[in-house]
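Below you'll find the structure, written out as structure tokens, and then a few comments.
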Amino acid sequence: MLDQTFYQKADEIIAFYGKKPASLIPIMQDIQGEYRYLPGELLTYVAGQIGITEAKAYSVATFYENFSFEPKGKYVIKVCDGTACHVRKSAPILEKFQKELGLSAKKHTTDDMLFTVETVSCLGACGLAPTVMVNEEVHPKMTPEKVLELLQELRGEKG
Amino acid sequence: MGKITIDGRNVEFTDEKNVLSIIRKAGIDVPTLCYQPELSVFGACRMCTVEDDRGRLFASCSEEPRDGMVIFTNTAKLIKYRRKLLELLLAAHDRECTTCERSGDCQLQALANRYGVTDVRFSNYKERVPLDTSSPSIVRDPNKCILCGNCVRVCDELQSVGALGFAERGADATVTPAFQKQIAETDCVNCGQCRVYCPTGAITIKNDIDPVMDALADPTVRVVAQIAPAVRVAVNDAFGLEKGNNAIGKIVSFLKRLGFDEVYDTIFSADLTIMEEAAEFLERVQNGGKLPLLTSCCPAWVKFVGDQFPEFTEHVSTCRSPQGMMSAAVKEYFRDPAKAEGKKTVMVSFMPCTAKKMEAKRPNSFTKGEQDTDYVLTSTELIRMIQMSGISFAKLEDTPADDPFGIGSGGGVIFGVTGGVTEAVIRRLVPDQNPETMKMIAESGVRKDGFIREFSVPYNGMNLNICVASGLANARTVMEQVRSGEKKYHLIEIMACRRGCVYGGGQPRRSAMETTDDRTAGIYKADASMELKKCDFNPAITALYEGFAKGKEHELFHNHMFCAK
């Protein structure tokens with residue numbers, strides 16, 4: 001069960017975009033922006049409020065890779081695996097992140113909810129390949145060695 | 001308006017919305033899997049692809065006709081194209097055809113056969129997923145789903161329930177309830193229309209034949225059948241007999257041959273329903289009770305009210321459905337030790353409906369702690385039983401249903417079509433059953449075209465405003481107007497399936513090329529052939545009220561609480 005504050009927040013967002021089916025995607029984006037993920041119960045609630053079925057809302061939410069029903073870590077690390085990054089060896093970078101954090105292709109978020117590691121198809125920064133994004137910050141020309149430094153830096157920031 | 005050339009022949013068209021309809025009107029069965037005239041155009045399966053005079057291919061279902069178009073429907077290129085599509089669909093499909101419920105009646109199988117697909121060169125990389133058997137009415141096997149979206153659209157567009165949707169994308173796409181829930185955890189009303197529109201074995205009826213066969217083999221058990229009105233006009237479909245014709249006599253003979261001890265006719269309890277429901281209706285009208293009265297015969301509709309319009313649950317008639325009344329009456333009748341002869345009674349109902357399987361298990365479908373209806377089998381399961389028995393259905397003689405629950409009126413028969421319950425109620429309100437009176441009632445508006453019918457009938461100096469609707473999306477429209485106060489009715493009859501039970505979720509499927517409504521015609525024809533038109537003239541009903549049911553009417557024929565499921 002979600003805290004009442006989640007529903008209050010959702011109500012604010014729904015009021016902003018209007019109770020209509022077309023508001024679904026912007027509402028979902030704002031909710032995810034707020035909580036770094038899309039709580040399932042909230043999606044059901046939004047569907048009821050804007051007059052679409054739960055199945056329809058679920059259909060839209062799962063169509064887009066961007067939406068996640070799993071809570072994400074404080075730092076969302078997006079490893080670009082687009083063509084340019086791939087040929088410039090993005091795979092070892094992803095492996096390094098996963099190995100260091102004990103993650104895999106199935107497990108994306110550390111148990112302490114600090115890190116989430118995902119791949120993305122292209123960040124549009126091919127000139128900087130291989131590229132990694134941590135939340136909104138771009139890290140160009142990554143190497144497996146730099147991964148260690150980056151993680152240390154992020155952990156330090158926590159402390 | 002205009003002309004198009006199809007395979008070298010000129011074909012005129014008028015207001016057809018797509019090229020496919022014109023091709024079919026011209027008598028060419030261009031294959032489709034996802035196209036359904038009553039649903040939105042989806043264009044997913046591409047089977048209806050045709051070629052134009054410049055060699056371009058396009059899906060005819062989603063192409064608007066233009067005057068002067070030249071198209072070909074059966075070129076070498078198209079045959080290869082369709083065969084490749086089928087091969088790809090089959091590659092990702094569980095092809096255990098021999099053990100599939102739909103074998104022999106599967107559109108995918110039929111098309112693979114028709115186009116001579118003899119080899120599938122690609123392997124299925126999809127992980128096997130478990131079946132969803134949570135519903136008492138239907139079974140979902142996602143391994144057989146071809147993503148045509150028919151179930152998703154029928155549930156959303158015709159039924160406005162939307163229990164199913166697509167999830168994920170591309171090769172990962174599936175059809176599922178939200179959050180991969182089981183179907184029984186959703187607002188599914190068990191209507192089974194998804195199963196009617198499913199081209200493969202991905203959604204099938206929950207099969208309950210085996211326990212019935214076991215009961216028939218048990219000498220300590222009295223197995224009793226009841227046969228719903230709509231079943232009798234659907235069974236012929238499977239046996240090459242005239243479609244829509246009333247086969248009740250043959251069905252009774254068959255069930256007797258199979259070993260049923262008693263075979264009763266649900267039109268008897270349909271009459272009983274009208275006696276009770278008309279009384280309840282008049283009582284509410286005269287004493288300021290909750291109006292509009294909402295009919296309670298259709299369990300999918302009752303569940304829909306509970307899920308979607310809970311503030312109207314007290315408007316729903318307390319009457320049990322004809323299935324419920326028959327079973328409660330039969331069970332009570334055989335509770336008398338003199339009648340029971342030491343045997344346990346097992347009640348089996350033959351219904352056009354998958355939701356009846358759910359209704360039988362509803363907490364208010366029990367009397368004296370006993371489940372009234374033990375097993376519900378659909379027309380489709382009845383057909384399967386006939387096929388298993390090897391008995392030639394066509395050669396069976398007609399046998400009348402057994403006393404004392406075998407006689408019903410024409411008013412009971414027409415329960416099988418939308419408007420039938422209302423028409424039977426109006427017949428109850430008039431004093432006679434003369435042909436002129438019956439004709440007047442039939443022309444009151446109750447048999448109008450359309451899925452929402454509004455009309456008024458005069459009664460005792462007042463006008464009774466009535467609404468008859470079928471299809472739950474139409475029911476939603478009606479109920480929203482009632483909720484907003486825009487419309488006021490005394491009586492609302494809803495059947496969850498469009499056109500009523502004759503096209504229920506348990507009925508045999510029809511191919512898209514068949515467009516005549518012979519089942520509705522068959523029901524009206526059966527009514528026309530009967531002398532007894534109204535329930536209060538039915539001697540078996542009078543005998544029941546004066547006999548064992550006396551003083552137990554409320555216990556046996558009414559629900560003592562509202563239960564949606």
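Letters A, B, ... mirror the listed sequences (proteins, then strands); counts begin at 1.
When all heavy atoms of A:Thr62 and B:Phe166 are compared, the pair lying nearest together is OG1-O, 4.5 Å. Nearest heavy atoms, A:Thr53 versus B:Val161: CG2-O, 3.7 Å. Contact between A:Ala55 and B:Ala163 at its shortest, heavy atoms only, is CB-O, 3.9 Å.
For B:Ala173, no part lies under 4.5 angstrom from a heavy atom of chain A. At a 4.5 Å heavy-atom cutoff, A:Ile52 makes no contact with chain B through either its backbone or its side chain. Interface remark: B:Val152 contributes no atoms to any contact with chain A (heavy atom separation under 4.5 Å).
No more than 12 heavy atoms of other residues, nucleotides or ligands shown are found within 6.0 angstrom of CZ on A:Phe16. For B:Gln180, the CD atom counts as densely surrounded, since its 6.0 Å shell holds more than 12 non-hydrogen atoms of other residues, nucleotides or ligands. Remark: A:Glu65 CD is loosely packed, at most 12 non-hydrogen atoms of other residues, nucleotides or ligands lying under 6.0 Å away.
Comparing B:Cys155, B:Gly165, B:Gly162 by heavy-atom pairs within less than 4.5 Å of chain A, the highest count is held by B:Gly162. Counting heavy-atom pairs closer than 4.5 Å to chain B, the top residue among A:Ala61, A:Ser59, A:Ala57 is A:Ser59.
Note that OH of A:Tyr58 and CD of B:Glu168 are 6.0 Å apart. Values are rounded to the nearest 0.5 Å.
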